Number of protein chains: 2
Amino acid sequence: MPQNDLDTLDERIVHALAEDARRTYADIGAEVGLSAPAVKRRVDRLRERGAITGFTVRVDPAALGWQTEGFIEMYCRSRTAPEDIRRALARYPEVASASTVTGDADALVQVFAADMRHFETVLERIAGEPFVDRTKSVLVLSPLLRRYTAGPPL
Amino acid sequence: MPQNDLDTLDERIVHALAEDARRTYADIGAEVGLSAPAVKRRVDRLRERGAITGFTVRVDPAALGWQTEGFIEMYCRSRTAPEDIRRALARYPEVASASTVTGDADALVQVFAADMRHFETVLERIAGEPFVDRTKSVLVLSPLLRRYTAGPPL
DNA sequence: TCTGAAACTTAGCTGTC
DNA sequence: GACAGCTAAGTTTCAGA
């Protein structure tokens, strides 16, 4: 088994891919000081380990016609299992992310919708889920920053 | 091959890339009913239009040692420009996303940190920004859903 | 065990229709 | 938008440190 868990090299590779997943292995290798095959093998290992879960495209939601973004705080009935919340929200294509959180609310849900009417529809449907007591929502006025990776400095 | 609406084709291409940005153009083309060069040209156009802003890697923050996630609501001094907030937050690698929002708070900031101590440090530094009156933060207990694209059903 | 070089395979790209 | 050919990258193999 490899002796290094995530070493500096792996972090730099992940960082390079996070900025541009289409960079070639040779190119990344030149930056971190490895050959192309060596970089590929490390990427393969990172995928096996679950550190990298896939490759995706960075999308500007507004440019695709999803103009309205908002966050919905969910207040649930006591004894609602997180898994029940997850299963229910997974059915909404408008839900981009959701987490259970500390504080008054039980879960915080990020939603993209085509317009305000669409957002309202989604909000009402979520509020109507059987385990939901009430909701509180805020609308995004303007997105300031949208990174797809974050963490301690590499 | 049925005649497809152009918008529908673009959306299906984006959807395919969002799920797996490493799929080949030929593979995506087979799904949507186009040749590989045709798909590539549509992707190029989507990039030029700004609908696709880049390609990135899907990372499991926890697997990379970023165990602590939270949201910080920022309450700012009146007459703080959104651009000032953006510029200040851009300096924090721990900030994954930030938006100005409706409601009591001025901005909602998503933060990833290595651990609780690190999160606290970031929180204190953000709270110490000259334009910040006060902050309110919630910690993520468990992420339920983390999609990298969302929107109206395709 | 991890690496790098080279051979091999596949996909990306461009010109043409 | 499709086809075809050229270019470039991904992938595998193998031998060395």
Side-chain angles (χ1 to χ4, degrees), chain A residues 1-60 63-65 148-149 151-154, chain B residues 1-60 62-66 148-149 151-154:
Chain A
M1 277 319 241
Q3 76 290 14
N4 46 355
D5 50 347
L6 286 178
D7 59 11
T8 308
L9 239 37
D10 283 334
E11 287 194 338
R12 288 170 69 191
I13 291 171
V14 169
H15 187 73
L17 286 173
E19 279 185 350
D20 179 7
R22 289 215 160 174
R23 283 182 69 182
T24 66
Y25 291 137
D27 192 25
I28 296 171
E31 186 179 305
V32 304
L34 287 176
S35 68
V39 174
K40 179 207 180 321
R41 278 190 288 264
R42 280 173 177 266
V43 171
D44 288 344
R45 272 211 313 276
L46 287 164
R47 298 190 72 168
E48 282 167 17
R49 259 186 254 167
I52 292 176
T53 59
F55 296 87
T56 189
V57 67
R58 242 193 300 256
V59 163
D60 178 7
L64 283 166
Y148 281 68
T149 184
L154 295 180
Chain B
M1 230 22 97
Q3 275 241 337
N4 282 311
D5 183 37
L6 295 182
D7 294 320
T8 304
L9 275 171
D10 282 339
E11 287 193 340
R12 288 170 69 193
I13 290 170
V14 170
H15 187 73
L17 287 173
E19 280 186 349
D20 179 9
R22 290 217 159 172
R23 284 183 67 183
T24 66
Y25 291 136
D27 191 26
I28 296 170
E31 185 179 306
V32 304
L34 289 176
S35 68
V39 175
K40 182 211 181 311
R41 274 160 193 152
R42 278 176 178 266
V43 171
D44 288 344
R45 265 185 39 227
L46 287 164
R47 297 191 74 168
E48 282 167 19
R49 290 202 329 235
I52 291 176
T53 59
F55 295 86
T56 188
V57 67
R58 238 193 303 256
V59 162
D60 178 6
L64 284 166
W66 312 335
Y148 282 67
T149 184
L154 295 178

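Predicted model, so just to flag it, every value in this text is computed and none were measured. In the text below, chain A, chain B and the rest are named by the order of the sequence lines, each starting its count at 1.
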What N/O pairs connect the protein and nucleotides 6-17 of chain D at under 3.5 Å? Give each pair on its own line.
{"residue": "dG10(D)", "atom": "OP2", "partner": "Tyr25(A)", "partner atom": "N", "Å": "3.3"}

Could you give the distance from CD1 (Ile28(A)) to CD (Glu19(A)), rounded to the nearest 0.5 Å?
10.0 Å

Is a donor on one side and an acceptor on the other found under 3.5 Å between the side chain of Arg22(A) and the backbone of Gly54(B)?
no

Would you kindly give the CG-to-C1' distance between Asp10(A) and dC2(C), to the nearest whole Å?
12 Å

Specify the closest pair of heavy atoms between Ala63(B) and Gly50(A), including all atoms of both residues, with the distance to one decimal.
CB-O, 3.9 Å

Just by modelled atom types, is the Ala18(B) backbone N or O under 3.5 Å from a matching donor or acceptor in the Thr56(A) side chain?
yes

Between Arg12(A) (side chain) and Glu31(A) (backbone), is there a donor-acceptor pair under 3.5 Å?
yes

Roughly how many Å is it from CG in Leu34(B) to C1' in dG12(C), rounded to a whole number?
17 Å

